[in-house]
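First the proteins, then the strands, lettered A, B, ... as listed; each starts at 1.
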Protein chains: 12
Amino acid sequence: MTYGADRIYKKVEIIGVSSESIEGAIQAAVSRAQHSLERLSWFEVQDIRGHVSAEGKVSEYQVVLKVAFELK
Amino acid sequence: MTYGADRIYKKVEIIGVSSESIEGAIQAAVSRAQHSLERLSWFEVQDIRGHVSAEGKVSEYQVVLKVAFELK
Amino acid sequence: MTYGADRIYKKVEIIGVSSESIEGAIQAAVSRAQHSLERLSWFEVQDIRGHVSAEGKVSEYQVVLKVAFELK
Amino acid sequence: MTYGADRIYKKVEIIGVSSESIEGAIQAAVSRAQHSLERLSWFEVQDIRGHVSAEGKVSEYQVVLKVAFELK
Amino acid sequence: MTYGADRIYKKVEIIGVSSESIEGAIQAAVSRAQHSLERLSWFEVQDIRGHVSAEGKVSEYQVVLKVAFELK
Amino acid sequence: MTYGADRIYKKVEIIGVSSESIEGAIQAAVSRAQHSLERLSWFEVQDIRGHVSAEGKVSEYQVVLKVAFELK
Amino acid sequence: MTYGADRIYKKVEIIGVSSESIEGAIQAAVSRAQHSLERLSWFEVQDIRGHVSAEGKVSEYQVVLKVAFELK
Amino acid sequence: MTYGADRIYKKVEIIGVSSESIEGAIQAAVSRAQHSLERLSWFEVQDIRGHVSAEGKVSEYQVVLKVAFELK
Amino acid sequence: MTYGADRIYKKVEIIGVSSESIEGAIQAAVSRAQHSLERLSWFEVQDIRGHVSAEGKVSEYQVVLKVAFELK
Amino acid sequence: MTYGADRIYKKVEIIGVSSESIEGAIQAAVSRAQHSLERLSWFEVQDIRGHVSAEGKVSEYQVVLKVAFELK
Amino acid sequence: MTYGADRIYKKVEIIGVSSESIEGAIQAAVSRAQHSLERLSWFEVQDIRGHVSAEGKVSEYQVVLKVAFELK
Amino acid sequence: MTYGADRIYKKVEIIGVSSESIEGAIQAAVSRAQHSLERLSWFEVQDIRGHVSAEGKVSEYQVVLKVAFELK
């Protein structure tokens with residue numbers, strides 16, 4: 001990448017889920033988006049939420065993030 | 001849906017219009033998005049705006065919302 | 001366009017780049033989005049950032065914007 | 001209205017009240033502002049609040065909105 | 001109520017649900033809160049969300065609001 | 001004032017200044033606004049700023065506030 | 001208090017009122033909350049508002065604050 | 001202007017339009033406000049938006065700004 | 001849970017602490033809240049902070065979160 | 001100071017503490033910053049917080065502020 | 001720069017001034033910061049403000065920005 | 001530390017990077033800041049971002065945080 005050269009990026013908002021960790025949810029979302037969109041450049045976390053099981057355990061982390069990729 | 005299982009959601013920002021009500025604008029946007037995107041899961045209202053006619057009547061409600069759907 | 005009539009808009013977030021000016025970055029993003037998306041109606045600036053060269057010059061302006069277009 | 005031509009708008013913040021609905025409060029505020037200000041172009045909802053009666057009923061909706069009109 | 005006299009209020013965040021309308025969800029939340037808390041004074045809408053059915057209908061409105069009541 | 005009855009309020013943004021205190025700046029702004037506008041109902045503090053003298057003393061408090069009054 | 005040891009805090013939102021000063025409204029809210037809740041640890045000011053009398057005087061300061069206390 | 005002396009400012013929200021540049025839209029709004037209001041002291045940009053022509057050109061920049069002037 | 005059926009949720013703000021990780025602080029807060037409140041449904045992270053020891057180590061993570069539970 | 005002439009300012013975030021008042025905390029922070037930094041021009045309050053003693057008294061006000069000074 | 005390698009950045013808030021344009025104010029601030037700080041990497045615009053002359057002209061643009069540089 | 005006693009804190013904004021985890025990026029930033037600044041007291045996470053490799057892996061977490069230390 002050369003700064004000053006012509007580039008356009010698009011940002012898309014996705015939500016990843018992981019029963020393990022916040023990083024797991026981010027990686028899950030990034031992998032999936034890379035698969036159906038384009039090669040991603042970066043991500044920005046927007047929100048961290050999650051579900052609680054009947055036993056009072058965090059059963060999953062839900063991370064809302066924006067992923068950015070270059071429009072070729 | 002099972003919590004803890006692998007799922008990814010995408011959020012898209014749309015604007016619905018209705019001359020009747022805020023709920024009408026939400027429903028219009030949701031119906032249209034369901035049609036051209038995927039089966040929607042939920043929506044979040046971002047902004048409520050509208051146009052005023054020359055007679056001082058609210059001629060339409062414009063509701064900006066995010067709709068979310070699961071990426072299969 | 002007639003107010004009160006049935007319309008739906010979609011907003012997409014893109015980033016334009018220009019070594020010249022903020023307006024240049026906006027125009028670059030708008031041109032590119034018009035090309036790959038639909039005919040755009042309006043844009044909203046979200047963020048203005050940029051890169052600095054080793055000589056302390058602004059080497060490019062990066063403008064994050066939302067562009068809106070009607071869903072036909 | 002012609003885009004690109006010289007226009008200036010002013011925005012004023014008002015609060016409408018209705019015992020019926022959110023739309024009723026918006027319309028009340030718009031009607032009153034149209035009367036004492038100029039011909040309005042659009043409105044933007046800022047806040048939705050309300051009062052609760054001793055019987056636990058919503059006795060009124062208070063909608064804070066910005067109304068915009070062209071400065072001639 | 002006399003302004004300037006000693007009063008303390010508490011605000012609590014609740015979410016009301018209605019399959020009909022935003023006002024219905026607000027009223028449902030207010031009624032329930034009045035029942036288990038104290039006599040409410042006012043409410044402030046924080047967020048408006050909802051669920052979409054498989055047929056693309058808004059199946060419920062979820063309104064997040066803060067309700068305030070005087071601590072006696 | 002009767003809740004549920006027809007009322008419209010307008011909010012105006014003003015900045016009061018006092019070399020003494022934040023409360024002094026609020027009271028100064030409120031007095032002046034009451035004089036040139038209408039009878040005020042309430043105020044909301046938006047921002048607290050101030051100037052520092054060459055000796056490192058706060059030489060004045062500047063309080064940005066919104067004042068609201070009923071449109072008769 | 002030992003950092004690193006197991007502690008949980010709860011935050012509650014209250015509104016204090018004083019005809020004298022912002023500090024008076026904060027102290028009033030803190031005293032009352034300490035009385036009906038638990039021993040408080042800290043407070044955070046959320047909003048400063050107030051009422052204006054017919055003579056254009058600030059008749060009371062209303063301070064919205066969050067108070068935090070340890071859950072034993 | 002002497003710091004510490006009695007002054008009150010008012011802020012008004014206006015929108016300027018220019019087909020040329022963001023600075024052009026700011027100057028247009030400032031000129032017009034100076035004409036119908038009082039001698040302005042400063043401005044604060046709130047939002048930058050714009051319209052896109054059918055050819056994918058930015059046909060106008062719309063800048064929402066607050067202008068402040070002293071109440072004499 | 002059936003969408004469209006009558007439900008009311010309450011949200012409470014708590015702070016969890018862990019010397020290990022952000023997830024640890026979330027789980028600690030959720031466990032404790034489940035114990036003294038009701039069966040929780042979900043959580044939302046509001047803020048992530050922490051304490052630094054004299055050796056420059058993060059000695060604890062403090063996570064401010066909102067937990068939601070159904071009011072039966 | 002001449003408007004239009006070349007000037008650069010820097011803003012620094014500091015927290016002042018006072019057991020007496022919010023103004024006291026601001027003045028304490030400003031005095032200290034003037035001492036170790038440069039001659040300050042203005043300040044902006046970011047946050048007002050405080051500590052509560054075991055007796056339910058506000059034992060100190062903590063005011064987070066940004067102070068600005070000219071870079072010579 | 002290699003992604004994944006150990007790097008720390010610092011962000012500093014500065015205000016640049018130009019009688020010409022927003023870009024001019026950004027460049028002025030960046031040049032000055034590069035001179036007294038380190039080699040800058042990027043900037044983020046926080047706020048755009050300005051002063052108005054007695055003739056109703058924008059006499060200067062004031063751009064608040066954060067500049068980031070690597071801590072070596 | 002004694003509450004009520006004279007203390008001043010400064011906050012500085014830094015960005016830590018780690019290829020492992022969010023906690024790793026926080027610890028990296030804190031260690032480095034402790035080294036070149038003063039003994040830190042606490043940190044506050046402002047933003048979580050990251051870079052994605054060509055293989056669709058999160059190659060690094062970038063955590064923007066504010067660190068606070070006492071000015072002696």
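- Checking side-chain atoms of E/Arg32 against main-chain N and O of I/Tyr9 turns up no donor-acceptor pair under 3.5 Å.
- Listed in order of number, the residues of residues 50-57 of chain E that approach chain I to under 4.5 Å between heavy atoms are E/His51.
- Sorted by first and then second residue, the pairs that involve residues 9-31 of chain E and meet salt bridge (charged side-chain N to carboxylate O under 4.0 Å, His left out), not counting sequence neighbours, are E/Lys11-E/Glu44, E/Lys11-G/Glu13, E/Glu13-I/Lys11, E/Glu13-I/Lys66.
- I/Ile8 contributes atom CD1, which lies 6.5 Å from atom CD1 of E/Ile14 (distance to the nearest 0.5 angstrom).
- E/Val58 does not touch chain I: none of its heavy atoms, backbone or side chain, sits under 4.5 Å away.
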